[in-house]
Amino acid sequence: MSEFITKEKRTHYCGDLRISHVGETVTLMGWTHRRRDHGGVIFVDLRDRTGIAQVVFNPEKSPMAHTEAHKIRSEYVLAVRGTVITRLEGMENPSLKTGQIEVMVDELEILNESKTPPFMLDEETEISETVRLKYRYLDLRRRHIQRNLLLRDKVATATRNYLHDQGFVEIETPFLGKSTPEGARDYLVPSRVNPGMFYALPQSPQLFKQLLMVSGFDRYYQIVKCFRDEDLRADRQPEFTQIDMELSFISEDDLIDIIEGLMARIFKEGMGLDLTLPFPRLTYGEAISRYGRDNPDRRFGLELKDLTDVLSTSQLKVFAEVASRGGMIKAIKLEDGKRLSRKDLDLLPGYVSDFGAKGLAWARVNEDGWTSPIFKFLTAEEVARINERMDASPGDLIFFVADTPKVVNDALGNLRVHIAEKLGLITPDTYAFTWITEFPMFEYSETEKRFMATHHPFTSPVLEDVPLLLSEPGKVRAQAYDLVLNGSEIGGGSIRIHKSAVQSTVFKALALSDEDVRAKFGFFLDALEYGTPPHGGIAFGLDRIIMIMAGAESIRDVIAFPKTQKATCLLTEAPSAASLAQLMELSLKVV
RNA sequence: GGGGUCGUAGUUAAGUCGGUUAUAACGCCGGCCUGUCACGCCGGAGGCCGUGGGUUCGAGUCCCAUCGACCCCGCCA
């Protein structure tokens, strides 16, 4: 064991030293960020998770330490004792928090050596993600990613403190559970003691938290891992963390109040930011109509306008035909369209085709008409009405998509974000929260040929819509709400069904057979019959919240040990093959 | 399942129309240097051009396959 550590303790973190410490004897421990050997004096930038302090080895002040310091290389682990001194005049480093001072070392111990790291642990060079993930423990030494994880800790702590203040009880729910239908693909875990049987890892603790309401815990929360075996994206990992909660005897508005308080607390303690409350609300219908998506980015305009009524009788066949087949024509307007280069403009049809749009019409508005491939097919009156509805001025650029409502909204909803990003229309460091309410209870699935729950099958319908459950399920609104931040869904929840009769009706609307329902959640229906209080809840994607707060481009930058797009871990090389003995024990066959 | 971008020293990149010895910067190693802070100066080492096959007199470069990383569509109640 190191003599130094048994003899004396670390007294300060590197990044905490300030001019007020001058004159004090301090003991620091950390990693060698950089070494600058001037032949005589040697400088070392000593780094720990709080930052960097310059420590100085002077041959005249401490020959022993100076000699030892010659051995120091990148990432060596050091313990130093010395005196905090003011830097010589003109030698301050304003880019360091500790740049006013330095530590004149009188004793050094090299606690450990290090191989030369495979990449520089500075901020200057971008390292490929393959290399970063393989040496994740080194990547995690780098400042920006360490900052992200420290922010994550602050947010998690703020969440726990706030929720405890609000009377919430933290309760753990099982990871080894039962496969749930109507959702994402489950990760399965074979049961050794029950050959041929499988647990499923939870996609969310949904049923357990509702059972906790039945049990009377009243306010539950958990910061908990959830698992979904689906393909990954920049903002999606197969295991992710939710801030999960459930409350009894509350209305939708009560819950929204509590969550707005939570967000305010998170942003205050995480970033020192004061949010403006309450957050604006949009119904699902408004969101789709104005932004084309249920997760609108409201940091900029470019809203969608419906032109179906204007163009349904147009001479332009594509538009008229789409309208006659029940489709729609919508448009967005970009002020001062010249900001978009010819080349960027040419790429846009390809972009919207990703979302199924067969074309993208455009029009440049002039003093007297349009410059546009479709201009000659339109009457003066149609052009005038479009200009008016789009509130268009000369120089503006209008984009039109005509197709089924889904394609039109997808294409334009994504195009508006694409253009805004391209042109830098989004003010950085702004946080636009919006509640989306009144989601439809069901969506018709073409692949399954039946209605599916939009949120999940335990969501309560809006009470006045209950009579429509079986007759017109497509018209039923749910008491469900999402919280959207800067175009990302960061959380979603609902008031739940607490009456077993309503729950049975919803299962009927979903065309689930009694046997199916019984087998899958008979236990839950039973529980509903033992005095279930009215309740509701919500769950937040912690990773996504941190991602937005940190300005990270990928969810992987806010998770300590993330998976690649193929759901592998480059560090541990998981997943890996199991031995024959393991498989046999689990009664699994080798393919 | 589909579309796209990428893969060259430890790292980040360049590499022209297919041409002879594959460049640079940083890092690394050695030497010099007492005030630097991405220290500086001098010298040096370091390559399965992702892998396999093909075309060619000749392939880092062209073609095919394959592996891997990333972005997107589908998917993700």
Side-chain angles (χ1 to χ4, degrees), chain A residues 33-46 52-61 66 73-75 85 87-96 98-99 102 104 115-135 138 180-186 203-204 206 226-238 240 350-357 407 410-411 414 418 439-443 445-448 451-459 478 480 482 489 492-494 506 510 539 541 553-554 556 563-566 568 570:
Chain A
H33 191 66
R34 274 205 182 82
R35 182 190 64 134
R36 291 177 293 280
D37 183 346
H38 286 256
V41 68
I42 296 172
F43 299 99
V44 166
D45 291 339
L46 194 65
I52 283 173
Q54 172 164 281
V55 301
V56 187
F57 299 90
N58 189 315
E60 286 157 14
K61 300 268 167 61
H66 180 261
R73 295 291 180 275
S74 284
E75 299 306 312
I85 59 172
R87 290 203 186 186
L88 298 174
E89 185 139 357
M91 295 301 158
E92 302 89 355
N93 184 348
S95 60
L96 287 181
T98 60
E102 60 193 7
M104 185 59 73
K115 287 171 73 173
T116 302
F119 51 86
M120 294 270 282
L121 303 184
D122 57 21
E123 303 290 297
E124 320 301 331
T125 35
E126 294 258 322
I127 312 297
S128 77
E129 219 169 338
T130 320
V131 179
R132 287 176 55 199
L133 291 178
K134 183 172 175 193
Y135 299 95
L138 296 179
T180 50
E182 301 274 312
R185 197 174 290 116
D186 285 318
Q203 300 174 27
S204 98
Q206 185 60 36
C226 300
F227 306 85
R228 291 176 191 176
D229 187 6
E230 296 292 347
D231 285 355
L232 290 81
R233 285 283 192 286
D235 62 351
R236 260 166 35 194
Q237 283 273 302
F240 58 98
Y351 179 77
V352 295
S353 75
D354 284 353
F355 303 95
V407 169
D410 270 1
N414 285 295
H418 182 71
F439 275 78
M441 186 79 182
F442 308 106
E443 281 167 332
S445 161
E446 290 298 335
T447 41
E448 300 264 331
F451 280 98
M452 311 275 283
T454 307
H455 193 58
H456 58 58
F458 316 106
T459 299
D482 277 1
E489 180 205 323
S494 61
V506 168
L510 289 168
E553 287 190 1
S554 155
R556 297 181 297 278
K563 302 281 189 288
T564 68
Q565 201 179 48
K566 283 219 175 128
T568 64
L570 296 179

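Chain naming here is simple, since letters A, B, ... match the order of the sequence lines and numbering starts at 1 in each. The basis for the numbers below is simple: all heavy atoms, side chains too, and nothing from hydrogens, waters or symmetry mates.
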### Query
Base, sugar-phosphate alone, or nothing: which one does Ser74(A) contact when heavy atoms must sit under 4.0 Å apart?
sugar-phosphate

## Note on the structure
By nearest-nucleotide position on RNA chain B, the 5'-leaning member of Thr116(A) and Arg34(A) is Thr116(A)

#### Entry: His418(A) and Tyr351(A) aromatic ring geometry - parallel, tilted or perpendicular at 30°/60° bounds
parallel

### Task
Ignoring backbone atoms, establish whether Gln203(A) has a side-chain N or O less than 4.0 Å from OP1 or OP2 of C76(B).
no

#### Entry: Rounded distance in Å - CD (Glu129(A)) to P (C71(B))
7 Å

### Query
Mind checking the C1' distance from A24(B) to C76(B)? Whole angstroms is fine.
45 Å

### Query
How far does the P atom of A22(B) sit from the matching atom of U12(B), given to the nearest Å?
22 Å

### Task
Please determine if a side-chain N or O atom of Arg233(A) lies less than 4.0 Å away from the OP1 or OP2 oxygen of C73(B).
yes

### Shortest non-hydrogen contact between Pro457(A) and Val506(A), atoms and distance
O-CG1, 3.6 Å

### Task
Find which nucleotide of RNA chain B each of Leu570(A) and Gln206(A) is nearest to by heavy atoms, and output the residue with the more 5' nucleotide.
Leu570(A)

### Message
Once you apply a heavy-atom cut-off of 4.0 Å, does Glu123(A) come out as touching a base, just sugar-phosphate, or nothing?
### Response
nothing

### Task
Counting Watson-Crick and G-U wobble pairs only, both distances under 3.5 Å, name the nucleotide matched with C70(B), or none.
G4(B)

### Query
Expressed in angstrom and rounded to an integer, what is the separation of Arg35(A) atom CZ from C28(B) atom P?
8 Å

### Task
Measure from the side-chain heavy atoms of Glu230(A) and tell me the nearest of C71(B), C75(B), G68(B).
C75(B)

### Task
Check the geometry between Phe43(A) and U36(B) and answer yes if their rings are stacked (centres below 5.5 Å, planes below 30°), otherwise no.
yes

### Message
Taking only the C1' atom of each, what is the distance from A13(B) to C49(B) in whole angstrom?
### Response
13 Å

### Met91(A) CE - G35(B) P separation (whole Å)
8 Å

### Task
In whole angstrom, give me the gap between the C1' atoms of A14(B) and A25(B).
11 Å

### Query
Between His66(A) and Gly40(A), is there a donor-acceptor pair closer than 3.5 Å when you use the side chain of the first and the backbone of the second?
yes

#### Entry: Rounded distance [0.5 Å steps], CD in Glu129(A) versus OG1 in Thr564(A)
9.5 Å

### Message
Nearest 0.5 Å, please: how far is CZ in Phe57(A) from CG in Asp37(A)?
### Response
11.0 Å

### Query
For the atom pair CZ (Phe355(A)) and CG (Asn414(A)), what is the distance rounded to the nearest 0.5 Å?
3.5 Å

### Summary
In whole angstroms, the gap separating C1' of G10(B) from CG of Asp122(A) amounts to 14 Å

### Side chain of Met120(A) - closest among C26(B), G74(B), G35(B)
C26(B)

### Task
Check every strand shown and say whether Ser204(A) touches a base, only sugar-phosphate, or nothing at a heavy-atom separation below 4.0 Å.
base

### Message
Heavy atoms from C-beta onward define the side chain here; which of G74(B), U36(B), G35(B) lies closest to that of Arg36(A)?
### Response
U36(B)

#### Entry: Separation of the P atoms in G68(B) and C29(B), to the nearest angstrom
35 Å

### Task
Can you tell me, in whole Å, how much space there is between the P of A65(B) and that of C26(B)?
41 Å

### Message
Between Glu230(A) and Arg236(A), does any side-chain N to carboxylate O distance fall below 4.0 Å?
### Response
no

### Summary
Looking only at U12(B), C33(B), A77(B), the nucleotide nearest the Asp37(A) side chain is C33(B)

### Query
Where the side chain of Phe119(A) is defined as all heavy atoms beyond and including C-beta, which of C72(B), G35(B), U11(B) is the nearest nucleotide?
U11(B)

### Whole angstrom value for the distance that separates P of C72(B) from CG of Asp354(A)
11 Å

#### Entry: Nearest-nucleotide pick for Glu102(A), side chain only, options being G35(B), U11(B), C75(B)
G35(B)

### Closest to side chain of Lys566(A), choosing from G68(B), C76(B), U34(B)
G68(B)

## Note on the structure
Taken to the nearest whole Å, CD/Glu553(A) to P/C72(B) is 11 Å

#### Entry: Nucleotide C37(B), atom C1' - distance to NE2 of His38(A) in whole Å
8 Å

### Options C70(B), C72(B), C39(B), nucleotide nearest the side-chain atoms of Ala234(A)
C72(B)

### Task
Could you tell me whether the phosphate oxygens of G68(B), OP1 or OP2, come under 4.0 Å of any side-chain nitrogen or oxygen in Thr564(A)?
no

### Check: Arg556(A) side chain, C70(B) base, donor-acceptor under 3.5 Å
no

### Message
Please report the distance separating the C1' of G58(B) from the corresponding atom of G50(B), rounded so that it comes out in whole Å.
### Response
23 Å

### Message
Going by purine N1 to pyrimidine N3 plus the second Watson-Crick contact, or the G-U wobble pair, all under 3.5 Å, which nucleotide sits opposite G40(B)?
### Response
C32(B)

#### Entry: Closest to side chain of Ala184(A), choosing from C37(B), C76(B), U34(B)
C76(B)

### Message
To check you understand the geometry: which heavy-atom pair defines the closest contact between Arg34(A) and Asp122(A), and what is its length?
### Response
NH2-OD2, 3.2 Å

### Message
From C-beta outward on Arg73(A), which listed nucleotide comes closest to its side chain: C72(B), U34(B), C29(B)?
### Response
C29(B)

### Task
Please state the P separation for the pair G30(B) and U21(B) - nearest whole angstrom.
33 Å

### Query
G60(B) pairs with which nucleotide, Watson-Crick or G-U wobble, both distances below 3.5 Å?
none

#### Entry: G-U wobble or Watson-Crick pairing nucleotide for A24(B) (cut-off 3.5 Å, both distances)
U12(B)

### Message
Taking only side-chain N and O atoms of Ser128(A), does any of them lie within less than 4.0 angstrom of OP1 or OP2 on U12(B)?
### Response
yes

### Query
Taking atom CD of Glu126(A) as the centre, does the number of heavy atoms from other residues, nucleotides or ligands within less than 6.0 Å exceed 12?
no

### Query
Thr568(A) side chain N/O closer than 4.0 Å to the phosphate oxygens (OP1, OP2) of G68(B)?
no

### Query
When the distance from CD of Glu443(A) to C1' of C75(B) is rounded to whole Å, what number comes out?
14 Å

